[in-house]
Amino acid sequence: MSFDAVDRFLTALDPDHRGTVEGLPRDEQERLAAAWEEELERDTDIDTLDELSPPAAESEVARRVMERRSR
């Protein structure tokens, strides 16, 4: 398992968003990954999903980060 935040973020993304993020400059990838990690730590509502399926929780938060980016 990679400990690089960008790699973990890319893994959590759906294929379409993964392709989009991979095409971004590294600093933007790092910014999005940092936002993803921050939300994972802060969002207490995701805890139940995280207990049931950590990958599902990570994917849900990745989706939210990308949704906010597109606004």
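One is the number of the first residue; the rest follow in order along the sequence.
Using modelled atom types, no side-chain atom of S59 and backbone atom of L13 make a donor-acceptor pair closer than 3.5 Å.
With sequence neighbours excluded, the residues satisfying side chain to side chain contact (heavy atoms under 4.5 Å, CB included) with E39 are R42, D43, V61, R64, V65, R68. Taking E67 as the reference, R63, R71 meet the side chain to side chain contact (heavy atoms under 4.5 Å, CB included) condition, with sequence neighbours excluded.
Annotation: side chain of E37 is not in contact with side chain of L32 (no heavy-atom distance under 4.5 Å).
For the ring pair (Phe, Tyr, Trp, His ring centres under 6.0 Å) condition, no pair includes a residue of residues 52-71, sequence neighbours left out. Pairs engaging residues 52-71 under the ring pair (Phe, Tyr, Trp, His ring centres under 6.0 Å) rule: none recorded [sequence neighbours left out]. Among residue pairs with one or both ends in residues 14-26, those qualifying as salt bridge (charged side-chain N to carboxylate O under 4.0 Å, His left out) are D4-R26, R26-E30; sequence neighbours excluded. Applying the ring pair (Phe, Tyr, Trp, His ring centres under 6.0 Å) test to residues at least two apart or on different chains, the pairs with a partner in residues 9-31 are F9-W36.
Rounding to the nearest 0.5 Å places OG1 of T20 at 11.5 Å from CD of E28.
Of all non-hydrogen atoms in V6 and Q29, the two that sit nearest each other are CG1-OE1, 3.5 Å.
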